[in-house]
Structures are given as structure tokens and as C-alpha cells.
Amino acid sequence: MTEEEMRKRLEILRVEHRDLDAAIDALNAAGSNDQLQIARLKKRKLRLKDQIAIIEDYLIPDIIA
């Protein structure tokens, strides 16, 4: 995977992460009692966060001072 492809994938993951956040907020605001659905969305959001972190770590190397 090229660096450009990784940057595109990173943006897609970030958008999906924001969308899940909005969906979770909407379910909570609507007073949804479907805690299983909310838990699944939160779990998916955490997996996305991990994938985002992996790609960011690859694209932005640590600078040793």
C-alpha cells in the first residue's frame, strides 16, 4: 500500500469514526433502549480508532531528539 493510499484510507476511517459517533449520540438523544446496538457501535468505533492509530503511527514516524 502506497503512502497516498494509506492517507486516503485514513481519511475514510476518520469519516466513518465521526459517523459512528454521530449515530451513537443520536441513539442516546432519542432515548433508545437498545443498549446492545449502542454497545456494538461503540465497539466498532474503538476498532476504527485502533486502525487509525496504526496508520498514523506508520505515516508519522517518531522523532528521536
Side-chain angles (χ1 to χ4, degrees):
M1 187 180 259
T2 67
E3 186 173 323
E4 185 61 31
E5 290 171 334
M6 291 181 83
R7 290 188 189 283
K8 288 178 184 176
R9 176 75 176 141
L10 182 60
E11 186 56 35
I12 291 168
L13 292 174
R14 285 178 175 160
V15 168
E16 190 175 347
H17 187 269
R18 282 192 298 265
D19 290 347
L20 282 173
D21 200 29
I24 291 167
D25 288 344
L27 284 172
N28 284 330
S32 175
N33 290 329
D34 191 359
Q35 295 301 314
L36 183 60
Q37 177 68 18
I38 293 172
R40 286 179 178 156
L41 291 174
K42 287 181 177 181
K43 195 172 196 177
R44 173 75 180 136
K45 188 177 160 191
L46 285 173
R47 282 194 304 261
L48 287 172
K49 185 178 179 182
D50 290 343
Q51 290 176 349
I52 289 168
I54 290 167
I55 294 174
E56 285 176 339
D57 286 346
Y58 181 81
L59 291 175
I60 305 166
D62 291 337
I63 298 173
I64 299 173

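Sequence positions, counted from 1, serve as the residue numbers for this chain.
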**OP:** Hey, could you give me the OG1/CZ distance between T2 and R7, rounded to the nearest 0.5 Å?
**Re:** 10.0 Å
Original post:
Is the number of heavy atoms from other residues, nucleotides or ligands under 6.0 Å of N33 CG greater than 12?
Top reply: no
Original post:
When you look at K43 and R40, which way does the side-chain contact (heavy atoms from CB on, under 4.5 Å) test go after all the steps?
Top reply: CA-CA 5 Å; K43 195 172 196 177; R40 286 179 178 156; 5.6 Å; no
**OP:** Report the distance from atom NZ of K42 to atom CZ of R47, rounding to the nearest 0.5 Å.
**Re:** 14.5 Å
Original post:
Can you tell me how far the CD atom of E16 sits from the CZ atom of R14, to the nearest 0.5 Å?
Top reply: 14.0 Å
**OP:** Starting at NE2 of H17, measure out to NZ of K45 and round the result to the nearest 0.5 Å.
**Re:** 5.0 Å
Subject >> Co-members of the apolar cluster containing I38 [side chain, <4.5 Å] >> reply: M1, M6, L10, L13, L20, I24, L27, L41, L48, I52, I55, Y58, L59, I60
Original post:
Between E11 (side chain) and K8 (backbone), is there a donor-acceptor pair under 3.5 Å?
Top reply: no
Original post:
Taking 4.0 angstrom as the limit, do R9 and E5 come out as a salt bridge?
Top reply: no
